[in-house]
Enquirer: 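Got a structure here, written out as structure tokens. Questions coming.
Start at 1 and go down the list; that is how both ligands and their atoms are numbered. Just so it is clear, the structure is predicted and the values come from calculations on it, not from any experiment.
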Amino acid sequence: PVDFNGTWNFVRSENFESYMLALGIDFATRKIANLLKPQKVIKQEGDSFSISTTSTFRNYFVQFKIGEEFDEDNKGLDNRKCTSVVTWDNDKIVCVQNGEKRNRGWTHWIEGDELYLELCCEDQISRQVFKRG
Ligand code: RET
């Protein structure tokens with residue numbers, strides 16, 4: 001079974017600007033966010049997860065249990081409320097964020113000592129890679 005537990009440090013991202021544009025994030029925030037190297041701390045106990053994304057500018061925290069719908073506020077991101085649910089797809093965790101934005105969600109998986117994150121909104125996909133700290 002996969003174990004997401006750990007501290008994960010930013011390595012690189014692709015297309016994050018376009019993802020943020022699709023979310024309607026303002027110019028100034030995008031310019032700052034593009035320069036960040038966020039860190040993720042993931043705590044997993046079976047199917048219960050908490051994921052904190054921290055940076056020098058802003059932080060985001062989310063917790064969920066696989067298969068259980070939860071209300072997500074996206075505070076500090078685009079602040080749009082979503083009804084979200086995360087499920088397993090083999091060794092990946094896949095989140096569907098239902099709300100105003102079409103095709104919104106993300107997928108996390110691990111390859112070796114790297115954590116991959118794909119963020120989707122409308123027709124944009126951003127990929128981020130983190131390395132185990
Ligand atoms: C930052 C800085 C402020 C602007 C934006 C950010 C984006 C954060 C994202 C976090 C995704 C977290 C996920 C957690 C999963 O469990 C870095 C806070 C837009 C996209 C997918």
Side-chain angles (χ1 to χ4, degrees):
V2 211
D3 183 5
F4 285 87
N5 277 297
T7 300
W8 301 91
N9 297 317
F10 180 88
V11 177
R12 61 180 183 273
S13 75
E14 292 163 19
N15 213 39
F16 191 46
E17 171 74 5
S18 305
Y19 169 79
M20 289 191 287
L21 260 176
L23 281 180
I25 296 191
D26 68 84
F27 178 88
T29 303
R30 292 200 314 274
K31 294 305 126 185
I32 297 167
N34 273 324
L35 299 174
L36 300 173
K37 298 183 184 306
Q39 186 179 67
K40 282 193 191 282
V41 175
I42 303 184
K43 298 199 168 119
Q44 177 188 359
E45 272 184 31
D47 275 356
S48 296
F49 288 78
S50 75
I51 303 184
S52 58
T53 305
T54 57
S55 76
T56 51
F57 172 57
R58 223 172 257 172
N59 305 322
Y60 187 66
F61 180 78
V62 63
Q63 60 186 30
F64 54 85
K65 198 167 174 196
I66 299 292
E68 289 186 6
E69 262 188 7
F70 61 101
D71 295 322
E72 194 173 8
D73 60 9
N74 295 289
K75 211 176 162 75
L77 308 186
D78 64 326
N79 299 305
R80 284 193 190 82
K81 297 200 178 3
C82 293
T83 302
S84 303
V85 64
V86 183
T87 54
W88 286 107
D89 172 15
N90 296 304
D91 285 346
K92 301 184 174 184
I93 49 173
V94 179
C95 182
V96 174
Q97 297 172 306
N98 288 302
E100 203 183 314
K101 288 289 178 181
R102 171 176 56 82
N103 192 34
R104 180 171 184 172
W106 52 256
T107 302
H108 272 299
W109 72 95
I110 293 173
E111 288 180 24
D113 64 349
E114 291 183 329
L115 173 75
Y116 286 75
L117 169 61
E118 245 180 40
L119 296 157
C120 303
C121 181
E122 297 181 330
D123 51 2
Q124 296 303 322
I125 301 177
S126 171
R127 295 189 177 80
Q128 307 194 336
V129 183
F130 299 80
K131 216 172 185 67
R132 211 180 260 288

Enquirer: I'd like to check which ligand 1 atoms, numbered from 1 as shown, lie under 4.0 Å from a non-hydrogen atom of Leu36.
Expert: 2 (C)
Enquirer: Look at atom 12 (C) of ligand 1 and find which of Lys75, Gln97, Lys40, Glu72 reaches it with the closest heavy atom.
Expert: Lys40
Enquirer: Which of the numbered atoms in ligand 1 are below 4.0 angstrom from a heavy atom of His108?
Expert: 15 (C), 16 (O)
Enquirer: Side chains of Ser48 and Lys65: donor-acceptor distance under 3.5 Å anywhere?
Expert: no
Enquirer: Side-chain atoms of residues 19-31: list all donor-acceptor pairs with protein atoms under 3.5 Å, sequence neighbours left out, distances to 0.1 Å.
Expert:
residue : atom : partner : partner atom : Å
Asp26   : OD1  : Ala28   : N            : 3.1
Asp26   : OD1  : Thr29   : N            : 2.9
Asp26   : OD1  : Thr29   : OG1          : 3.1
Asp26   : OD2  : Thr29   : OG1          : 2.8
Arg30   : NE   : Glu17   : OE2          : 3.0
Arg30   : NH1  : Ile25   : O            : 2.8

Enquirer: What atoms of ligand 1 come within less than 4.0 Å of a heavy atom belonging to Ile51?
Expert: 15 (C), 16 (O)
Enquirer: List ligand 1 atoms under 4.0 Å from Leu119, heavy atoms only on the residue side.
Expert: 20 (C), 21 (C)
Enquirer: Would you mind telling me which of Lys101, Arg104, Arg80, Lys81 makes a side chain to side chain donor-acceptor pair (under 3.5 Å) with Asn74?
Expert: Arg104
Enquirer: For Ile25, counting its heavy atoms only, list the atoms of ligand 1 lying under 4.0 Å from any of them.
Expert: 19 (C)
Enquirer: Run the numbers for me: atoms of ligand 1, each under 4.0 Å from some heavy atom of Phe16, listed by number.
Expert: 7 (C)
Enquirer: Please report the C-alpha distance between Asp71 and Thr83 in whole Å, then the side-chain angles of each, then the deciding distance to 0.1 Å, and finally whether the side-chain contact (heavy atoms from CB on, under 4.5 Å) criterion is met.
Expert: CA-CA 5 Å; Asp71 295 322; Thr83 302; 4.1 Å; yes
Enquirer: Look up atom CH2 in Trp106 and atom CD1 in Ile51, then write down how far apart they are to the nearest 0.5 Å.
Expert: 4.5 Å
